[in-house]
Structures are given as structure tokens and as C-alpha cells.
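Data block below; observations after.
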Amino acid sequence: MPTAVNPLDFLAIDSVLSDEERDIRDTVRAFVRDRILPGVGDWFDEGRVPRELFSELGKLGVLGMHLEGYGCAGTSATAYGLACLELEAGDSGIRSLVSVQGSLAMFAIHHWGSEEQKQEWLPRMAAGDAIGCFGLTEPDSGSDPGSMRTYARRDGDDWVLRGAKMWITNGSLADVAVVWAGTDEGIRGFLVPKGTNGFTTRDIRKKISLRASTTSELIFDEVRLPASAMLPGATSLRGPLTCLSEARFGIVWGAAGAARACLEAAIDYSTTRVQFGKPIASFQIQQQKLATMALEVNRATLLALHLGRLKDAGKLVPEQVSMGKLGNVNAALDVARSARQVLGANGITLEYPVMRHLTNLETVVTYEGTADVHALVLGGALTGIDAFR
Ligand code: FAD
């Protein structure tokens with residue numbers, strides 16, 4: 001039966017994008033099709049991400065693409081969001097790599113750094129020739145980053161950094177770590193280049209989520225840094241929290257991409273898998289699942305687009321980003337779980353993308369503020385009552 005709708009863009013959201021946004025989206029989608037999808041199942045299986053991907057993503061122009069100057073493309077927030085959607089339709093680990101590089105490490109330097117720091121790092125990071133990571137979480141300090149123990153003390157003009165960061169994406173690959181630490185003057189950010197005396201990393205093994213991504217511990221044992229290593233603009237916890245809000249915006253979009261990839265796999269599989277003499281898509285209960293998935297994918301994409309338009313108009317506030325992250329990641333998890341069941345036993349393998357997305361999304365719902373934390377942000381905004389503590 002001919003249908004007037006595109007199953008993967010049921011609400012014709014494409015038609016409200018600009019030509020430039022569509023072009024960027026198509027370019028990233030083609031990169032994911034040609035460069036990510038053929039290998040990502042193996043990378044996930046082997047627990048690695050190829051280092052050369054950074055320079056390929058740099059050439060693609062997506063590293064720090066929404067930042068102005070210093071070799072960055074300066075696109076709209078919506079265009080950046082569309083790129084995140086396509087990258088995460090490939091794999092959440094690849095979108096994480098791009099988010100951490102562009103929205104956490106590069107954004108921190110762009111927003112809070114000195115002119116010298118920007119000149120030194122941003123052009124190389126935009127090209128993917130230098131890799132960045134963002135160290136906020138610690139073994140005993142996750143949802144409550146204000147409780148961090150990593151500390152930098154003054155010693156003459158220098159700083160001496162001591163402590164450890166945990167769960168740091170791109171950690172052991174990074175040429176520069178943006179590290180947040182307590183000081184006598186409050187929480188400050190420091191740029192710690194790879195190879196600095198006393199700075200070591202250790203990769204976290206045995207992950208069963210976000211496997212096509214490097215996650216590391218960063219250890220600082222009396223690391224001496226010059227005064228110029230400190231980010232001059234960030235003087236409190238607001239420094240890292242501003243960066244996190246940027247990165248969460250990308251997650252709002254990315255989650256919609258992971259969900260779309262699961263819907264696509266479920267439609268393909270259910271229309272070709274024959275049981276009881278018919279494609280399983282002929283059974284009403286499977287169609288109900290597909291309809292619910294399509295609804296969630298379209299709702300998530302519209303929510304992301306709305307937040308993108310607000311951000312481009314300079315009107316987006318962090319509580320709205322929290323709503324987007326909470327809603328879209330939970331929706332993507334529901335879609336992935338349903339899709340996995342549609343695929344039966346095949347659904348648990350890496351031959352199909354669904355289980356990979358499902359396990360990845362368990363990280364996405366946890367990092368950059370857990371679902372609980374974002375629910376509390378919404379609760380606080382709705383009631384005026386802070387329920388964090
Ligand atoms: P906890 O804060 O210990 O929370 C445990 C549980 O308690 C959660 O369910 C949480 O919702 C709940 N909880 C906590 N506080 C409250 C409260 N007040 N009210 C109700 N419930 C509460 N961090 C970085 O700094 N940089 C990175 O690059 C980075 N990459 C990551 C990559 C991966 C693969 C993973 C898994 C994590 C990464 N993280 C990174 C860390 C991530 O941001 C933290 O895991 C997250 O902030 C949650 O902290 P936690 O794991 O310590 O959980």
C-alpha cells in the first residue's frame with residue numbers, strides 16, 4: 001500500500017529545516033553511513049574507538065562546529081544538534097566523542113579561557129589534531145560536583161594539583177585535560193597537557209555500555225602547573241555547569257537519533273521476518289509497538305528542534321535543556337527496549353544496532369546529570385522548592 005509519509009520522518013520535520021541545516025545533516029548522515037556503521041559493531045565488541053576518527057571528524061567540520069572563530073565553523077545550534085542526531089544514530093560513543101571535544105573541552109576554553117589558551121588549543125582541536133577531555137566527576141563526587149576533593153594549591157606563581165577524576169571520556173587519548181579543582185578562591189578550571197609530570201591516566205575496563213568510547217581515570221599527583229594553565233573566566237561551579245548545559249543540548253538531539261536508528265531497524269526487521277507464514281509486521285501487536293516507537297521518535301525530534309530554535313534565538317534556559325535530556329533519553333530507552341523485542345534473538349547481537357544503542361543509552365541516561373537529577377531540576381523549577389539536599 002503506498003504511503004504519503006516517510007516512516008523515518010513521519011511529521012515531515014525535514015520541511016521546516018533550512019537548506020543549510022539539511023546540507024549539514026546530509027553530510028553527517030553520509031559520513032555515519034560510510035565511516036561509522038561499517039565498523040562500529042566491531043569497535044564496540046573490542047571496546048575501542050579508532051584514534052584516526054578525530055581527524056576525520058575534524059575534516060568533516062563537526063568538532064566545535066557551533067563555536068565562532070579559531071578554526072570553528074560557527075554554525076547554528078540547530079545545525080550542531082542535527083549533526084549530533086546523525087552521529088548518535090551511528091553510536092552514542094561517537095556522539096560522546098564529539099560532544100566532549102566540542103561542547104565540553106573546546107567550549108570551556110572558548111568561553112572561559114584566555115586569548116593565549118584559545119590560540120594554543122582551539123584550532124588544533126577543531127581540526128581533530130589535538131584531543132580534549134573534561135574532568136569533573138570523581139570517585140566520590142558524581143551528581144554532587146561541589147563535593148569534589150581534587151584541589152589546587154598556590155605555590156608562588158604556580159599551582160600544584162592533587163586528586164583524581166573518574167569516568168572521563170577521551171581521558172587517555174586526550175592531549176589536554178580540562179580539569180576542575182577546588183582552590184582557596186573557589187572551584188577553578190585548569191588546562192593540563194598530556195605528559196605533564198605527575199599526571200597519569202588509567203582506562204576503565206569491563207564496561208558493557210558505551211564501549212566504542214574511551215573512558216578513563218585521571219590521576220594528579222602533585223602536578224605543577226604555571227599560572228597560565230588556569231582558565232581565567234571560570235571562578236565557581238558555574239564554570240563547569242555552563243559547559244555541561246552545552247553538552248546536554250547535544251544529548252537531547254543525539255537521543256532522538258539513537259531512537260530513530262532503533263525504529264528503522266525494527267521496521268526493516270518486522271517487514272522481512274516471516275513467522276506463521278507472514279511478516280511479523282502483519283501482527284497488530286507488532287504494529288502497535290512500531291506506532292508507539294514512531295510517536296516517541298517524532299516527539300523527541302520535535303522537542304530537540306524546538307530547543308534548538310530557542311537556543312538560536314538566545315532564549316534557551318538550563319531547565320529547558322533538563323526537560324529535553326530527561327524526556328528524550330527516557331523516550332530513546334523505551335524505543336530501544338521495544339525494538340529489541342521486535343528483533344527477537346537477533347536483537348541481542350551486534351549484527352543489528354539495537355542492543356548496542358540500548359546499552360549505550362544506559363550511560364546516556366546517567367552522565368551529564370542522571371534522569372533523577374534532571375527530574376529534580378524540573379521539580380525545583382515547577383515548585384520553587386529545591387529537593388536536591
Ligand atoms: P551518583 O551521583 O553516585 O548517583 C547514584 C544514584 O543516586 C543515581 O541514580 C542518582 O540519580 C541518585 N542520586 C544522586 N543524588 C541524588 C539526589 N540528590 N536525589 C535523588 N537521587 C540522587 N564525567 C565527567 O566529568 N567527564 C566525562 O567525560 C564523563 N564521561 C562519562 C562516561 C561514561 C561512560 C560514564 C558512565 C560516566 C561519565 N561521566 C563523566 C560521569 C557522569 O557524569 C556521572 O556518572 C554522573 O554525573 C553520575 O554520577 P555517579 O555515577 O557518581 O552517580
Side-chain angles (χ1 to χ4, degrees), residues 43-44 47-49 88 91-108 131-150 163-174 176-182 187 189-190 192 201-220 234 237 239-248 250-251 254 258 322 325-326 329-330 333 356-380 383 385-389:
W43 306 337
F44 187 100
R48 69 184 182 92
V49 60
E88 195 146 355
D91 191 85
S92 304
I94 307 305
R95 198 270 309 139
S96 298
L97 178 167
V98 170
S99 287
V100 168
Q101 177 86 348
S103 285
L104 290 178
M106 290 176 73
F107 179 86
I131 300 174
C133 69
F134 184 90
L136 180 64
T137 305
E138 301 184 357
D140 295 324
S141 163
S143 300
D144 178 17
S147 66
M148 71 175 68
R149 293 194 196 152
T150 298
K165 297 290 172 181
M166 191 72 178
W167 299 110
I168 306 307
T169 303
N170 299 346
S172 64
L173 299 175
V176 63
V178 175
V179 180
W180 300 95
I187 289 172
F190 296 88
V192 186
T201 65
R202 189 161 46 210
D203 283 347
I204 296 172
R205 306 278 176 204
K206 301 193 179 177
K207 284 184 300 172
I208 50 176
S209 169
L210 215 74
R211 287 182 53 76
S213 173
T214 301
T215 316
S216 318
E217 189 179 357
L218 313 182
I219 301 137
F220 307 98
L237 198 54
L241 295 187
T242 305
C243 305
L244 286 171
S245 197
E246 282 297 302
R248 283 173 195 141
I251 295 178
S322 283
K325 197 216 173 217
L326 175 66
V329 180
N330 278 341
L333 272 165
R356 180 167 52 75
H357 282 299
L358 179 54
T359 64
N360 282 341
L361 287 164
E362 290 294 339
T363 286
V364 181
V365 77
T366 294
Y367 70 11
E368 309 211 11
T370 67
D372 296 336
V373 164
H374 289 296
L376 292 175
V377 169
L378 296 192
T383 62
I385 302 169
D386 180 0
F388 277 112
R389 22 187 104 73

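If you're wondering where the values come from, they're calculated on a predicted model, not measured in any experiment. Counting begins at 1 with the first residue of the sequence. One-based numbering, in listed order, for ligands and for the atoms of each.
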Short side-chain to backbone donor-acceptor contact, S147 and D144, under 3.5 Å: yes
Check ligand 1 for close polar pairs with the protein: N or O on both sides, less than 3.5 Å.
residue	atom	partner	partner atom	Å
ligand 1	2 (O)	S143	N	2.8
ligand 1	2 (O)	S143	OG	2.6
ligand 1	9 (O)	D372	OD2	3.3
ligand 1	11 (O)	T370	OG1	2.7
ligand 1	11 (O)	D372	OD2	2.7
ligand 1	18 (N)	F388	O	3.0
ligand 1	23 (N)	T137	OG1	2.7
ligand 1	25 (O)	L136	N	3.0
ligand 1	25 (O)	T137	N	2.8
ligand 1	25 (O)	T137	OG1	3.1
ligand 1	26 (N)	F134	O	2.9
ligand 1	28 (O)	T169	N	3.0
ligand 1	28 (O)	T169	OG1	3.4
ligand 1	30 (N)	W167	O	2.7
ligand 1	30 (N)	T169	OG1	2.8
ligand 1	39 (N)	W167	O	3.2
ligand 1	43 (O)	E368	N	3.4

Heavy-atom closest contact (G135 atom, L218 atom, distance): CA-CD1, 4.5 Å
Scan side-chain atoms only and decide if S209 and T363 contain a donor-acceptor pair under the 3.5 Å cut-off. yes
Side chains of D203 and S216: any donor to acceptor distance under 3.5 Å? yes
Determine whether Y367 and S96 satisfy the following criterion, side-chain hydrogen bond (donor to acceptor under 3.5 Å, both in side chains), listing intermediate values before the conclusion. CA-CA 10 Å; Y367 70 11; S96 298; 2.7 Å; yes
Set out, in order, the CA-CA distance, both residues' side-chain angles and the distance that settles side-chain contact (heavy atoms from CB on, under 4.5 Å) for V329 and H374, then state yes or no. CA-CA 11 Å; V329 180; H374 289 296; over 6 Å; no
